[in-house]
Amino acid sequence: MNLSILIPLLNEEESLKELYTWIIKVMQEHNYTYEIIFLDDGSTDDSWNIIEGFAQENPHVKGVRFMKNFGKSQALHAGFAKAKGDVIITMDADLQDSPEEIPGLYEMIVNGKFDLVSGWKKKRYDSVVAKNLPSKLFNWAARKTSGVELNDFNCGLKAYKNVVVKNIEVSGEMHRYIPVLAKNAGFGKIGEKVVQHQARKYGETKFGMERFINGFLDLITIWFLSRFGKRPMHLFGAMGSLMFIIGFLLAGYIGVSKLYHMYNDMHYNLVTSNPWFYIALTTMVLGTQLFLAGFLGEIILRTKNNEERYKVSSEVNFL
C-alpha cells in the first residue's frame with residue numbers, strides 16, 4: 001500500500017465531506033493504493049456518523065472513535081499503530097491543509113529518501129498577533145533547543161516512512177515535536193516542504209493561546225527526556241551529590257572553626273547562631289532529596305508498565 005492518510009479531528013462535521021472528496025480526487029489522479037483513517041477524538045457533533053457513511057461507500061476509509069476527547073497526540077498514536085502504508089501522511093480536518101500537497105510529500109519520502117518531511121506554512125492566514133508571532137517565537141525556541149532545523153514544527157501536514165511512526169512514542173501533547181522524537185529515535189534525515197496554507201473555512205480553531213505555553217513546557221520535557229530520560233540518576237544524582245558535598249564541607253568548616261576557637265580560649269558563637277550553618281544544612285537536605293529523586297526515577301523506569309492512554313469506543317473497516 002502506498003499511502004496511509006491519518007486525519008485527527010474534533011467536531012469537524014462541516015468540513016469532512018469536502019475534505020474526503022478532495023482526497024479521493026488526488027488519490028485517483030495519481031493511482032495511489034491508499035487508506036484514509038479518520039481519528040475522531042471524541043466529537044460531540046455528527047462527525048462520526050459522517051465517517052461511518054464514508055466507510056460504507058468506500059472500503060479504503062477507516063475510522064477510530066475515542067470515548068471522549070483525549071487529545072491530538074493520542075489520536076495520532078492510535079493512527080500510527082493502525083497505519084499500513086509505506087508512507088504515512090498526517091493532516092488536519094479543517095481544510096487548512098491542502099490534499100494537493102500529498103504527492104509532493106510522498107515523492108520526497110520515496111525518491112528523496114527522507115525519513116520524515118514536515119510541511120512549512122510559509123504564508124499564513126492566521127491572526128498575526130494571536131498566532132503568527134507566538135508561532136515564530138515558539139519555532140525559534142524549538143530549533144535552538146532540539147537542534148532540528150525546521151521552520152514550522154506545529155504544521156499538521158507531515159509525511160513519514162512507516163518505520164518511523166512504528167518506532168516513536170507520541171504522548172501528552174508531543175505531536176508538535178514528532179520530528180524531535182524521530183531524531184532522538186535515530187531517524188536523522190528530516191526534510192521540510194513549503195506547503196499551501198488556507199484560511200479556515202468552517203467553525204473555529206480548537207486551540208487557544210495556551211497551546212504555546214503547553215508547547216514550551218513540552219519542549220523542556222523533550223529536552224530532558226532526550227538527555228536523561230533513560231538515566232535520571234545522571235542528572236539528579238550528580239546534582240544531589242554535589243550539593244550534599246558542598247553542604248557537608250560548609251558544616252565541617254563551621255565545626256572545625258568552633259573547635260579551634262574553643263581550644264585557643266577565643267570568643268565563639270553557638271553553631272546555631274551562624275547563618276552559614278542553616279545554609280549548609282539546607283544544601284545537604286536538598287542534595288539528599290535530589291539524589292533520592294534520581295534513585296526513585298531509576299526504579300520507576302525499571303518497573304513501569306505501559307498503560308493505555310485512551311479508550312476507543314468504535315472502529316470501522318479494520319479487520
Side-chain angles (χ1 to χ4, degrees), residues 41 66-81 138 141-148 153-154 164-188 210-255 271-272 274-312:
D41 187 20
F66 287 174
M67 294 183 70
K68 66 173 188 176
N69 177 227
F70 285 97
K72 187 174 181 179
S73 291
Q74 321 312 324
L76 288 175
H77 183 272
F80 289 160
F138 168 81
R143 284 194 299 273
K144 295 300 181 183
T145 305
S146 68
V148 178
F153 282 82
N154 205 40
V164 174
V165 303
K166 301 300 184 184
N167 285 280
I168 57 175
E169 186 77 13
V170 187
S171 60
E173 294 187 20
M174 299 298 185
H175 58 273
R176 302 177 182 88
Y177 302 112
I178 292 179
V180 183
L181 297 175
K183 178 189 174 185
N184 292 342
F187 301 100
E210 70 275 3
R211 71 172 180 165
F212 294 108
I213 298 173
N214 295 337
F216 281 117
L217 295 175
D218 288 336
L219 184 59
I220 295 171
T221 300
I222 284 195
W223 173 84
F224 173 81
L225 291 177
S226 66
R227 287 163 174 76
F228 306 106
K230 299 297 183 184
R231 288 289 183 271
M233 187 58 115
H234 288 186
L235 175 65
F236 293 111
M239 290 175 60
S241 298
L242 179 62
M243 291 187 70
F244 184 87
I245 290 170
I246 291 173
F248 183 81
L249 292 176
L250 278 173
Y253 172 77
I254 293 168
V271 169
T272 52
N274 190 335
W276 283 102
F277 169 76
Y278 296 100
I279 294 174
L281 183 63
T282 301
T283 304
M284 285 192 290
V285 170
L286 289 176
T288 303
Q289 290 180 331
L290 284 170
F291 186 89
L292 288 175
F295 183 70
L296 292 173
E298 293 281 347
I299 293 176
I300 291 170
L301 277 176
R302 284 160 174 73
T303 59
K304 72 173 183 176
N305 295 317
N306 291 323
E307 297 180 357
E308 191 175 6
R309 300 191 303 269
Y310 49 84
K311 300 292 183 182
V312 175

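As the structure is a computational prediction, the values presented were derived from the model and not from experiment.
- The cationic atom of Lys183 (NZ for Lys, CZ for Arg) does not lie both less than 6.0 Å from the six-membered ring centre of Phe187 and within 45° of the ring axis.
- Residues Gly247 and Ala280 come closest through the heavy atom pair O-CB, 3.4 Å.
- The structure places CE of Met284 at 10.0 Å from CG of Leu249, a figure rounded to the nearest 0.5 Å.
- Looking at residues two or more places apart in sequence or on another chain, you find no side-chain contact (heavy atoms from CB on, under 4.5 Å) involving Tyr253.
- With sequence neighbours excluded, the residues that form a side-chain contact (heavy atoms from CB on, under 4.5 Å) with Phe291 are Met233, Ser241.
- Taking OG1 from Thr282 and CG from Leu250, the interatomic distance works out to 11.0 Å, rounded to the nearest 0.5 Å.
- When atom types are taken as modelled, the side chain of Asp41 and the backbone of Asn69 share no donor-acceptor pair closer than 3.5 angstrom.
- Remark: side-chain polar atoms of Thr283 are not paired, donor with acceptor, to backbone N or O of Met243 under 3.5 angstrom.
- When atom types are taken as modelled, the side chain of Asn154 and the backbone of Arg176 share no donor-acceptor pair closer than 3.5 angstrom.
- For Ser73 (side chain) and Val170 (main-chain N/O), no donor-acceptor pair under 3.5 Å exists by modelled atom type.
- Residues satisfying the side-chain contact (heavy atoms from CB on, under 4.5 Å) criterion with Ile254, sequence neighbours excluded, are Val271, Asn274, Trp276, Phe277.
- Take Ala238 and apply the side-chain contact (heavy atoms from CB on, under 4.5 Å) test, not counting sequence neighbours, and it matches no residue.
- Screening Val165, Val164, Leu76 for a side-chain contact (heavy atoms from CB on, under 4.5 Å) involving Ile178 leaves a single residue, Leu76.
- With sequence neighbours excluded, no residue forms a ring pair (Phe, Tyr, Trp, His ring centres under 6.0 Å) with Phe153.
- Remark: the backbone N or O of Phe66 is not paired with any side-chain donor or acceptor of Lys311 at under 3.5 angstrom.
- Separation of atoms NE2 (His77) and NE2 (His175) is listed at 14.5 Å; rounding is to 0.5 Å.
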